[in-house]
Amino acid sequence: MNKDKIFSKENKNIDQFEFNEEVADVFEDMLHRSIPSYLSTIETLEFLTKQYIQPNSNCYDLGCSLGEASLAIEKGINVDGCTIFAIDKSEAMVSKCKKNLRNKITNASIEIINDDILNIEINNASIVVMNYTLQFLEKNQRQLILNKIYNGLKDGGLFLLSEKITNKNKLIREQLINLHHDFKYKNSYSRLEISQKRKAIEEVLICDNKDTHELRLKKAGFKNFDLWLQHFNFVSYIAIK
Ligand code: GEK
């Protein structure tokens, strides 16, 4: 695994963060060292897939990056006739994802698609995952994609939504950010790397708070949902249609 050193050198003119080739090359390391409980989310997805997968249905990994969530879904598939659609709008991510997943998907067929998830149709779905992707969509597109997910899910289908969040309470918000930065520091990111990455991503990754997420899930039509994970300012919801 290539080590993420993208923000290790001091740079007075930090460019906006992009999911380009440089990032794709170190992305596995970046995810694991930056997102608290990332692995736990992936393992939980495999477990949940075993429970919620339905025969002859589709699974969607929206914003698949290198395909770790797709692999977890694949491991959890214990019925016949399933197709996994892994979608990402970054060409660099999709091309690495194809290499990563080559020969690893045996329980289902897989289509890895380089497109914006807003252009994708969702239908006959028993599993839909958005693992840290909604936060990169324009705010006015977020309800639309949740509506599309709800409408494309079969009854009894599962939606897993993971997001970095903010908090209305300034004291708590800052405390959770500090805990996250300390988590990154313990994972060998320097204070300089942490602050330069923050600057690069602050206008690209726009967090919502839990109330907003929950209102959106409700508006989309979900009645059964809750957090199954919160680790500092990172959360994951399960929603069942
Ligand atoms: C994982 N889910 O390992 N359409 C398609 N892809 C998008 C869009 C969009 N509109 N916006 C952003 N992306 C993965 C991790 S990373 C999370 C997801 C992070 C893609 C973007 O190109 C990137 O690959 C991914 O969403 C977000 O479980 O970087 O924090």
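Atoms within a ligand are numbered from 1 in the order they appear, just like the ligands themselves.
- Atoms of ligand 1 lying under 4.0 Å from any heavy atom of Phe136, numbered from 1 in the order shown and given with element: 11 (N), 12 (C), 17 (C), 19 (C), 27 (C), 29 (O), 30 (O).
- The single protein non-hydrogen atom nearest to atom 22 (O) of ligand 1 is Asp88 OD1, 2.6 Å, given as residue, atom name and distance.
- Ranking the protein heavy atoms by distance from atom 10 (N) of ligand 1 puts Asp116 OD1, 3.0 Å first.
- Annotation: Glu68 places no N or O atom under 3.5 Å from an N or O atom of ligand 1; distance criterion only.
- Other residues, nucleotides and ligands contribute only 12 or fewer heavy atoms inside 6.0 Å of the NZ atom of Lys219.
- Contacts between Val129 and ligand 1, counted as non-hydrogen atom pairs separated by less than 4.0 Å, are absent for every part of the residue.
- Between Lys197 and Glu193 there is no salt bridge, since none of the side-chain N atoms of the basic residue sits less than 4.0 Å from a carboxylate O of the acidic one.
- Close contacts of ligand 1 with Gln135, meaning ligand atoms under 4.0 Å from a residue heavy atom, involve 30 (O).
- Considering backbone and side-chain N/O of Leu62, none are found under 3.5 Å from N/O of ligand 1.
- Remark: minimum distance from atom 1 (C) of ligand 1 to any protein heavy atom is reached at Tyr38 OH, 3.3 Å.
- If you look at Leu66 next to ligand 1, there are no close heavy atoms at all, none under 4.0 Å.
- Other residues sharing the hydrophobic cluster of Ile105, ordered by chain and number and joined by side-chain separations under 4.5 Å: Leu45, Leu48, Tyr52, Ile53, Leu71, Ile73, Ile77, Val79, Ile84, Val94, Leu101, Ile110, Ile112, Ile127, Val129, Leu158, Leu160, Trp228, Leu229, Ile238, Ile240.
- Residue-level proximity to ligand 1 for Met93 is carried by the side chain, the only part with a heavy atom below 4.0 angstrom.
- In this structure Tyr237 satisfies the ring-ring contact (aromatic ring centres under 6.0 Å, His included) test with no other residue, sequence neighbours excluded.
- Proximity of Met130 to ligand 1, defined as any heavy-atom pair under 4.0 Å, is not found for any part of the residue.
- Asn131 ND2, 2.9 Å is the protein heavy atom nearest to atom 28 (O) of ligand 1.
- Around atom 13 (N) of ligand 1, the closest heavy atom drawn from Thr133, Ile113, Ile42, Leu160 belongs to Thr133.
- Of the inter-residue distances, the one linking Phe159 atom CZ with Leu62 atom CG reads 7.5 Å to the nearest 0.5 angstrom.
- Atom 27 (C) of ligand 1 has its closest protein heavy atom at Tyr132 O, 3.5 Å.
- Ring-plane geometry between Phe183 and His180 is classed as parallel, the angle between the planes falling under 30 degrees on a 0 to 90 degree scale with a further cut at 60.
- One distance of note links CG of Asn13 with CG of Asp15; it measures 8.0 Å at 0.5 Å rounding.
- For atom 6 (N) of ligand 1, the candidate residues are Lys89, Glu163, Gln141; the nearest heavy-atom contact is made by Lys89.
- Taking a 6.0 Å sphere around NZ of Lys139, one finds it holds more than 12 heavy atoms contributed by other residues, nucleotides or ligands.
- Enclosure of atom CD in Gln143 by more than 12 non-hydrogen atoms of other residues, nucleotides or ligands within 6.0 angstrom is indicated.
- Of all atoms in ligand 1, listed by their number and element, those nearer than 4.0 Å to a heavy atom of Asp115 are 4 (N), 5 (C).
- No more than 12 heavy atoms of other residues, nucleotides or ligands sit less than 6.0 Å from atom CG of Asp80.
- Proximity to Leu31 (heavy-atom distance under 4.0 Å) selects the following atoms of ligand 1: 3 (O).
- Of the candidates Thr83, Ile117, Ile87, Tyr60 forms a side chain to side chain contact (heavy atoms under 4.5 Å, CB included) with just one, namely Ile87.
- Looking only at protein heavy atoms, the nearest one to atom 18 (C) of ligand 1 is Ser65 OG, 3.2 Å.
- Considering only non-hydrogen protein atoms, atom 14 (C) of ligand 1 sits nearest to Gly63 O, 3.4 Å.
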